[in-house]
Every structure is written in C-alpha cells, then in structure tokens.
Visitor: 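Here it is, the structure in full.
Below, each value reflects all heavy atoms present in this structure, side chains not excepted, and no hydrogens, waters or symmetry copies. Reminder, nothing fancy here: chain letters follow the sequence lines and each chain counts from 1.
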There are 2 protein chains.
Amino acid sequence: MDSPTLDDIAKESGCSRTTVSRALNGYSDVSESTRRKVLAVAHRLNYRPNAHARGLASNRSHSIAAVMRQSAFAETPIFIEVLESVRHTLGGLGYHLLHAAPTPEFVGIEDALSMYQMHKIDGVILLEVEVNDSVLPRFLDLGIPVVLFGQAEGRRSVPSVDVNGAAAMARVTRYLLDLGHRRIGYLSGPLKYVYAQHRFSGFEQVMTEAVGGPIAEWVVEVEGSLQSGYDGAARVLSMHRRPTAVICNSDYVALGAMKAIRDWRLRVPEDISVVGFDDVPVARFLSPPLTTVRQPTGELGRLLAEQMISAIERSTSPAGNIVLECDLVLRDSCARIQHAEE
Amino acid sequence: MDSPTLDDIAKESGCSRTTVSRALNGYSDVSESTRRKVLAVAHRLNYRPNAHARGLASNRSHSIAAVMRQSAFAETPIFIEVLESVRHTLGGLGYHLLHAAPTPEFVGIEDALSMYQMHKIDGVILLEVEVNDSVLPRFLDLGIPVVLFGQAEGRRSVPSVDVNGAAAMARVTRYLLDLGHRRIGYLSGPLKYVYAQHRFSGFEQVMTEAVGGPIAEWVVEVEGSLQSGYDGAARVLSMHRRPTAVICNSDYVALGAMKAIRDWRLRVPEDISVVGFDDVPVARFLSPPLTTVRQPTGELGRLLAEQMISAIERSTSPAGNIVLECDLVLRDSCARIQHAEE
DNA sequence: CTTAGCAACCGAAGCGCTTCGGATGTGCAC
DNA sequence: GTGCACATCCGAAGCGCTTCGGTTGCTAAG
C-alpha cells in the first residue's frame, strides 16, 4: 500500500488540498470543525507528510545537525547527554537531530556544510569552539544558522549556550585551598579552545589572589584522552618539586593522571589530590571515587535546541548568550593536606 | 546567491537538463566528452543536488539511520566506534548516517519508523537484537530495509554482521581454566538479547567440558551499567562460597565489579580475577589494567554499511550473515590461582 | 439596498530533480 | 536508396507539498 498523500486526505474529507495543508500546519484561516475533520482523516489514514515534498516546497528540512570535532564524541561523554536532551527537545518541536560526527579527516564540518547545501539540514549546533575559530565563519558566511555549545569571543551575535567554566574552576581551586593545598597543578584542555581559556582563567584568578599565581611548570596543556592525562601528569610528577593536588580538565584526563600517580608509587588522595570535570558515570566507580564538576546537561541541551529553533524561525526571541552554573561533586579523591612544608 | 540547479548547469554546458542529470549520475548513454564538460561546469558552480528534489523524484533519501535501545550509547562505547566506521563507509557511497538514538521513552525506534514513512531514511541499522525481537518485525512489516548488528534467531534472511561471542567467551573461559581457576562467576548481559545468549553458551560449553558446568549461583544477569556490575558482583561476593574469577559482559560491568571487590576488601587479581568485554579506552588505565575482549569495530562498521547499501539497492550481493572473530587482550586483571582449595 | 470587511476556502503554479519514451544522427549491410 | 542497430541526447510529465493570490458567502455598517 502506498503512503497516503494530501490529496487522499482532501478527497476523504471533502475539502481542497490547500485547506488540508493549512489545517495540518496550524494556520488560522481554517474553521475549527474543518480542522478537526481533517485531523481525524489524517490520523485514520496514518498520514505522514513526505519530507522531500515538504522540503522542496518550503525549502526546509526540519532536521538539524550536531557537529563536533575529531574524537570529541568518544572523549567527551557529556556530549552524549547534552545531545540526548537536544534531540528530545527538538522532537517535541517537529525537528530531527542528526549527528554529523567527525571522521579522522575532519569531515564532520564538511559533511554539515554539504548537507546544508543539499538542504538536508536547516541549521547546525557546533559543539566546540576555538579561539579565532576557523570553522564558525565558514558556516556563518554561508548563512547557516548556528548555535554554539560554548562561546565565541567577540561574536555575541551568534546564539550560544555555555557553562560558567571560570566560576566552576574557581570553586574547585578554592576548595583545594581550603583543604590546605598551596601547590596545585593544572592539566588544562587545549588552550585553542575557548572553554579551556575560561576554565584556566578561573583557576588563575583564585590562585593569584591566594598565593600569587599558579606555578607555570605545573600547568600542562593536554588533549582529552586518557593517555594524554597520563603523560601530562607524568611530566609534572617527574619534576623536582611536585604539587600536592592536580586539577584536571576532564574525568578521563583525571583517570589517566591517577594511573600515572599510582605508577609513581604515590597515593590518591593521601599524597596527591585529584579533581576531574564532567562527572562521567565511571567517576563514581574509580578508586578512590573522583571529586569532579557536574554540568547541567539536560538544561544545556534543552536551551541549545530552543535557541536553534528560534535562530531558524527568526520569529521568536533574539539571539541569546546563555551561561549556566555547574555543581561541584565532592567524593574521595581530595584530602586535607597532611604535612605542610613550605 | 542562490544554489545552482541542474538547469544552470544545463545552460552553461549547452546540453539538456536530462543529459546533465544522467551525466552526473553516471548513466552510460552520455558520451565521455559531454560528461567531462558537465562535471567541469558542476564543479565550477559548486553544484550540490537538492536532496529534497532528488528524493521527491526518486523516492530515495540517501540517508540511513542507526537505531539502538535505551542508554545503549552511553553504556556501549563500542557502538561509537562501529558507527564511525559505518559513517565513513556510507559517506564514500554517497549516503549519510543518522543516529536515531533512544530517549527514555524508547523513541529511537518510533523515530526511525516515522522517518522512514516520511522518506527521510532509506534503511535502518539495528544495533541490538532481542530473542523474539518485537521491534524487528515492525520494520520488516513496513518493508524497511534492515541490517542487524548481531543476529536474529531464525531469521537468516535478514542481513546481519556479528561477532562470534560464543567463541570469544569460550576462549576467555579456557584462559581462566588454564590459570587454574575452577570456580568461575559470570555476569551476563540481559539474556533477552541474542548476543548475551551466544556469549553464555560459549562459557557454558567450555565449563561443562572442563568441570561439569557452571555453578548456577555465580551466574548473574546484569544490565550494562556500572552500578549493575557492582550489584551483580556484590551478590556473588556475599555468598558463602565465592568464585576465584569473574567474567563480565562488558568493561563497564567489570569496572563496577572491581569496585565491589575492593569494597569487600579483596584484591584483583590476587583474590579474584576479572575479565571484561569490549576493550573500552578506560580499560587500560584501570588498576589493575583490565584483561578484556576486543571487537573488530572498524571491520564491523564497514560490513554493516556495505550490507545496508546492498539491501537498499537490491542489485549487489544477496543477504549475508557475517560473523567475525574477536581478540583476547591480556592485561593484569587475571592471575594464576594461588591456593587451590576445593 | 448597497457595500466594506471578514472568515473560510480553493486553484494553480512551482520547488529541482528523475525518468519514460521517443528523437536524432551516424555507420553499415543489403 | 533503404533499413536497421546503436550511441547520444532531449521534452515533458510528475513526485507531494506550500503558498500566492484570489473567490465566495456572510454579517453589519452606511
């Protein structure tokens, strides 16, 4: 059996194709009784609008793509949660979410670009933003509606949803200071990313107020991978003077760092305290359970979706730059400092 | 500037719209010289076919969806790798991959169904198969091309790609037997899934040959979550007689189990050996590094994609039921048994 | 009684592509 | 000269929808 079309509904319900279309799409110049009749028939026939026909006529696909960078998906489980929330919200608004995930050749972006040009998607949610991002302008130049998870420096006109990374890191730093730590290491995310800059600034500021600033040798830039966390920690651990605590850019980095610490025959948290970021499911099951920062993933996703739709439909609220706060999740990977030297 | 259409190319290259279309789509009744001319113009104008128009005319979307169950994505990182490979392969064939991931209300499937009815997708890759699967027939009844990652009992006509879970588990079991273990626990995946049945049968058979069969109390059915692994292990650990080794259905389950073992004041591997499944990135960084089973994700993804396309285009090879072997990755979570009691 | 204004509805064009069925031209055997 | 096979090309229809620009029939003001 072939799928029913608008014409089938028109025939069944005794009105024109135009009226059926307008009834189904919620236009106002359709009487309530007609609308009800049309909806009843549509439901009975299990009608589904043909996305191609609709797209061709309206130039809209009702699909939006989530674009991220190389390996971000595997290394940043938090994206999964955020995107689930995005999908859920979009679904309620009649949109589908597509993941344009990255391949080694960085095709995530190219894919999205070409999908837009083919009218397969109406807009893009970009999941990681670089300082002086080279990708963002490519979308913007083509007039592709973009919403950022993160923030683009000096581009407040691009709608965005972000977490207050600076405040979160400031809080983590203060927590460690309160435990008596003064020598704090910092495994930063790649500083080409805006979020990494923000987080570091939070750390830096509190450290400056408290102890005159971070020690440069203990600040290491790492990728998101476990191995990179291991290597970063190893570098700090093999120094002459070691920190008593290490703040990590993600839980996976923290996990790598913890392995390095064990390999150096040191204990967490007795010898070195460790803090992660993201609160991935694994964090609670580590030994010791990891103290970390939780992001409001559900809320982030919901807002991203809403911003996206209003960017596309240009009717609702104007571009917003939303920033949410994080929670500090205290577990057992940090300890009050044992023997204050200095 | 508006996107160029076939007509633009036709005008520029001096041939008809029909010829341009056929040239671009590789039909044979176009001379080489014409084809080259057309391709050149298309490239110069940066032509991208309008997916809607194409879909409307040809009734094909050149998109395929990956469908999975509740939370599978977060708990089964291996899917990410497989899907990356699927995406990569599909991309080379002119197709896009969409993830129709699940929401709590199990909408992954509904989504895919409705997307198919809207002609947004041409087929579905189904990522987990239940015994007597209730979802599969829903796709099949609608005539939706489906390829399984896994196998459906008694449905050899549905193309599938799977891993030889029975052989893998048999190998794991033999490995533990070789280390002197006789009392082996087994944290199984939900037995409603075909793959869990297969894996268990591999374990069971080897145990039967070696020691007359598994001990029923040490076989526990768990979900994929870390917590579930913890709970399952806790149940076994609180028994009067404990196993000396535990085989886990996934690395995350193993991670949960390891935490339980620590909480019981026992050591891995000295007191209890642990084996995982999947070789997630985290496995190598655990303490101790986890012995586990690696699946050939890249190959799996490639084959899934190829099967999908041939299912859609009905031209190439017939439905296949492919099964690949896994690798056992030896690390430090298993030890030769210390003191044989019995 | 006339007519402006409004609610409700509809006809037809057209979105950009594929594809069916033919048209054209060339070379070659008869 | 005629007919045929073949390679190459093209016109036009049509996919199912949205939307522009109406028309119709009613109410209520003038």
Visitor: How close or far is atom C1' of C:dC17 from atom CG of A:Asn50, stated in whole angstroms?
Guide: 13 Å
Visitor: To the nearest Å, how far apart are B:His52 NE2 and C:dT18 C1'?
Guide: 17 Å
Visitor: If you draw a 6.0 Å radius around CG in A:Asp7, do more than 12 non-hydrogen atoms from other residues or ligands fall strictly inside?
Guide: yes
Visitor: Please work out if B:Asn59 contacts a base, only the sugar-phosphate, or nothing of the nucleic acid, heavy-atom cut-off 4.0 Å.
Guide: nothing
Visitor: Identify the residue among B:Ile121, B:Val124, B:Asp122 that makes a side-chain contact (heavy atoms from CB on, under 4.5 Å) with B:Tyr116.
Guide: B:Ile121
Visitor: May I ask you to decide if B:Lys120's main-chain N or O and B:Ser61's side chain share a donor-acceptor pair within less than 3.5 Å?
Guide: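 Yes, the answer is positive, given that a donor and an acceptor are paired below the 3.5 Å cut-off.
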Visitor: Between D:dT18, C:dG16, D:dG16, spot the one nearest the side chain of A:Arg54, thanks.
Guide: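 Comparing D:dT18, C:dG16, D:dG16 against the side chain of A:Arg54, the answer is D:dT18.
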Visitor: List every contact pair, protein side and nucleotides 7-12 of chain D side both N or O, where the distance is under 3.5 Å.
Guide:
unit_1	atom_1	unit_2	atom_2	d
D:dC9	OP1	B:Thr34	OG1	2.6
D:dC9	OP2	B:Ser31	N	2.9
D:dC9	OP2	B:Ser31	OG	3.4
D:dC9	OP2	B:Thr34	OG1	3.2
D:dC9	N4	B:Asp29	OD2	3.1
D:dC10	OP2	B:Ser16	N	2.8
D:dC10	OP2	B:Ser16	OG	3.2
D:dC10	OP2	B:Thr19	OG1	2.7
D:dG11	N7	B:Thr18	OG1	3.2
D:dG11	O6	B:Thr18	OG1	3.0
D:dA12	N6	B:Thr18	OG1	3.3

Visitor: A:Val67 pairs by side-chain contact (heavy atoms from CB on, under 4.5 Å) with which of A:Leu98, A:Leu113, A:Leu126?
Guide: A:Leu126
Visitor: I need the CZ-P distance between A:Arg60 and C:dC15, as an integer number of Å.
Guide: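 So the CZ-P distance, A:Arg60 to C:dC15, works out to 18 Å.
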Visitor: Return no unless some side-chain N or O of B:Tyr27 is found under 4.0 Å from OP1 or OP2 of C:dT19.
Guide: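 Checking C:dT19 against B:Tyr27, a side-chain N or O does come within under 4.0 Å of OP1 or OP2.
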Visitor: Does A:Asp162 reach the main-chain N or O of A:Val323 with its side chain, forming a donor-acceptor pair under 3.5 Å?
Guide: no
Visitor: Once you round it to whole Å, what is the distance between C1' of C:dC17 and NZ of A:Lys120?
Guide: 14 Å
Visitor: Could you give the CG-to-P distance, from A:Asn25 to D:dT19, as a whole number of Å?
Guide: 8 Å
Visitor: Look at the aromatic rings of B:Phe79 and B:Phe149 and report parallel, tilted or perpendicular, splitting at 30° and 60°.
Guide: perpendicular
Visitor: Atom CG of A:Asp8 and atom C1' of D:dG16: how far apart are they, to the nearest Å?
Guide: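 So the CG-C1' distance, A:Asp8 to D:dG16, works out to 10 Å.
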Visitor: Kindly compute the distance separating OG1 (A:Thr5) from CZ (A:Arg17), expressed to the nearest 0.5 Å.
Guide: 7.5 Å
Visitor: In whole angstroms, how far is the C1' atom of D:dT19 from the CG atom of A:Leu24?
Guide: 15 Å
Visitor: Tell me: NE2 of B:His119 to C1' of C:dT18, nearest whole Å?
Guide: 16 Å
